[in-house]
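One structure below.
Letters go in sequence order (proteins before strands), and every chain restarts at 1.
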Amino acid sequence: MALAYDPRRPPLVLLVPALAAGAGMLVPLGYLVTRALEGTGASAAELILRARTLELLGNTLALVACVLALSTLIALPLALLVTRTDVAPRRAISILCVLPLAIPGYVMAYALIGLSGYYGFLNAAFGVTLPRLQGLFGATLALSLYVFPYIFLNLRSALLGMDPSLVEAARSLGRSPWRTFRDVTLPHLMPALLSGWLVVGLYVIGDFGAVALMRYEVFSYAIYNQYAGAFDRVYAAWLSLILVALTVSILLAEGLLARRRRYARTGTGVARAAGAFRLGRWRPLAYAFLGLVFAASIGLPLAVILYWMSFGGEAIDWSRIAAAAARTAATAAPAAALATLLALPVALLSARFSSRPIWFLERLAYFGYAVPPLPFALAMVFFALSTLPALYQTLPLLVLAYGLSFLALAVGPARAALLQAGGRMEEAARSLGRSGAAAFVAVTLPTISRSLVAGFLLVFILVVKELPIAALLAPTGWTTLSMNVFSRTVEGQLFEAAPYALITVLFSSLFVGLILSHEGRRR
Amino acid sequence: MNAPIASPLQATTALLTVRALSKRFGEVQAVAEAGFSVAPGEIFALIGPSGCGKSTTLRMIAGFERPDGGEILLGGERIEALPPEKRGVGIVFQDYALFPHLSVLDNVAFALSKLPREERQARARRFIAMVGLEGLDARFPDQLSGGQQQRVALARALCAEPRLILLDEPFSNLDASLRAATRREIRGLLKETGIGAVFVTHDQEEALSFADRLCVMKNGVVQQVGEPERVYYRPCNAFVAGFLGRTNILSGRVAAGSTTADTPIGPVALDRPASGEVLLSIRPEHLALEPAAPGCPIARVSEREFKGHDMTLWIDCGGSQVQMDTDFTCPFRPGDSVRLVARSAATVLSD
């Protein structure tokens, strides 16, 4: 029986844009492969299997390991302090623990560099001249001080969500506090730790600004140099593919590790909070630790930026800075709008018409977010050069790359809001005479609009902070705030970079505000 | 299916006719060849345990699910190919699905978007008054109690002037204390408007007291359709008998030419002729107790459940437990020897 109307068939008006977004993720990566295969078989093998590639891989993995270790060493004690002890003021400390997210890795690197040398902040303030920070140590420090809040937030919510009776049960079964922590609490934190490590690990292998400023040779830095300097695009394509493969293996490994563990709560006791551990004589040590972390992660970059700003004085050309800010906004606004517009059909399909192909389409959006920015940008370059050369080095291509790369960030809140709104209201509207589209606009759109705006803001702010995609795809002369911080620091113009860094930090604090308001709503 | 479809309605006079309606979700046959009809102004209940297909049937009538086969006729016209907005079928959801961003007035006036503002609001106010919510026009759904929300949902559905109204578990979100009063009130409102209603419930008391007729479903299959008293007193099978309240299922033997069956409680009159081995249903309130007499089967009171306004006694009749309802006058205590007497004919079950 052929029926005109089938409520379970996804409408074309959703399928077409969602498929276009999916194709936008995959097709450029296809061009990356095509470009990589342009080298003849033998030379390709030579190209990849040389010591240099191995060195880059080793450096990348070493950086990931060091950043994960250092940021966990910072985040775990912080999370325990704010959730399990009587440290005060708890709310303010929690905010300070998230605030470093406002200082992007390249700004942190700028601050660490601005610290050292004869004209550096340390010499001016304390008479100490340090050699310029660089290499694995510098990159680890710059990145860890920026990313540890991701791990902190995951650990904190896991600790708050843990059933306190588990710990009490372990204690009543004769375990000491330390062994209870090791045998009960720590295993329960593993899923949160793993997902925090995933976010940080993916960020670190994709990061470009901090490693480039620290002159530490990892994949992304090498890709940029190959592309921008040596113009060996085949090798750049191969390095990009290896980096994408590394991303995929990290995603798969995390999936496997997360699947093997079971930590679902069996009880329902939610209301009770865990008893606070009295710090007692440990209190000075706890505050010393907090002081050190906050001084390094927030105080230091602000002090260094302001120190270099004081050199600029009248010489700071605010109109040029305003122009860069305007260019940044003119990039971020359409990119965020595009991401939000594409997110809506993807989220609607995934929330309403779940099927295997649609699940795959949604995963593709998340994959696009996980792909390191430089390979993604390089893929867009190859794609544009092969299909529409007129698009190369234009603002639309940059906006398109951002919209696709950050699509997942807009899909997340939209999908959650749609699932929360459910389908009943729209069904009620249809039974009251509205067509499918009219019912969506009249009833569902108003209820999910807050989440769409949140997704838009999130993408906007992250585009403002973003460096690698801009560095590769921005039209000539179209320098954004982040590009100014980067290029001026590379050239050693630390005081000229300072105002750009300051504005980036101020703007990024909006992002932190967004995260904190979300956190606040949840608890 | 040998269930007696006690429907005197023809498709020409019926408001809603459902014929051989089927729906499969993957491996599960949610609804299988379901059929019934609803008269204009009639309140019709679909009742069954969860997963019996009653909600899927309702959603197919509303147009939210596409049937795999069968026909749905509203006022004699096929509607199963129409989208929900073209069917003229209103629905009140279990969770009411009020639009949280709209006031009570705008919720109720939602269906009237084509009318001019004045007329739209006047008409919506009429329906708000009809459900007894005058003065709450400007409130938002989250400022209303559960009962008020439900009445807004009803007013919103009625304001669209549908040909048929569907109610999905309409009273399950209300406090038990509110439920009976709301039920009477809503029944009055529906009868006042005179449009037909189909509602879904798993609560037998609700179906028996709210519906003009009901349809019992199990595993997607219609078991029995009829007026509440008829289905309650003359269930067609053990499932219907047990689902619509407490009952005793007894096996008996009917001698050729006899109108009574031999059962563990003694000879029992039958509601229709039968022969050989039969399965009988007799409700606890249709049994009475008398002191044991010589020659009757041995029966002993095994338990006495005091329930306030009445009580239930469990009687051990040669190994099978039979329950019977009685009141404060009952002189028997556990251990007493008694004789069970059927106050009405037992129902012969088809399986």
Ignoring hydrogens, what is the shortest heavy-atom contact between A/R430 and B/P83? Give both atom names and the distance.
NH2-CB, 3.6 Å
With sequence neighbours left out, what residues match B/R179 under salt bridge (charged side-chain N to carboxylate O under 4.0 Å, His left out)?
none
For the CZ atom on A/F360, are there more than 12 heavy atoms of other groups (residues, nucleotides or ligands in this structure) within a distance under 6.0 Å?
no
What part of A/A438 lies closer than 4.5 angstrom to a heavy atom of chain B: side chain, backbone, both or neither?
neither
Just checking B/E118: does its CD atom have more than 12 heavy atoms from other residues, nucleotides or ligands closer to it than 6.0 angstrom?
no
Residue part contacting chain A, namely of B/Q94, when any heavy atom lies under 4.5 Å
neither
Close contacts, residues 12-23 of chain A versus chain B, judged by heavy atoms under 4.5 Å:
none
With side chains defined as the heavy atoms from C-beta onward, is the minimum distance between B/R87 and A/S431 less than 4.5 Å?
no
Within residues 409-428 of chain A, which positions have a heavy-atom distance to chain B below 4.5 Å?
A/R424, A/M425, A/E427, A/A428
Pick one of side chain, backbone, both or neither for B/R59, based on which atoms fall under 4.5 Å of a heavy atom in chain A.
side chain
So which residues of residues 97-110 of chain B are in contact with chain A at a heavy-atom cut-off of under 4.5 Å?
B/A97, B/L98, B/F99, B/P100, B/H101, B/F110
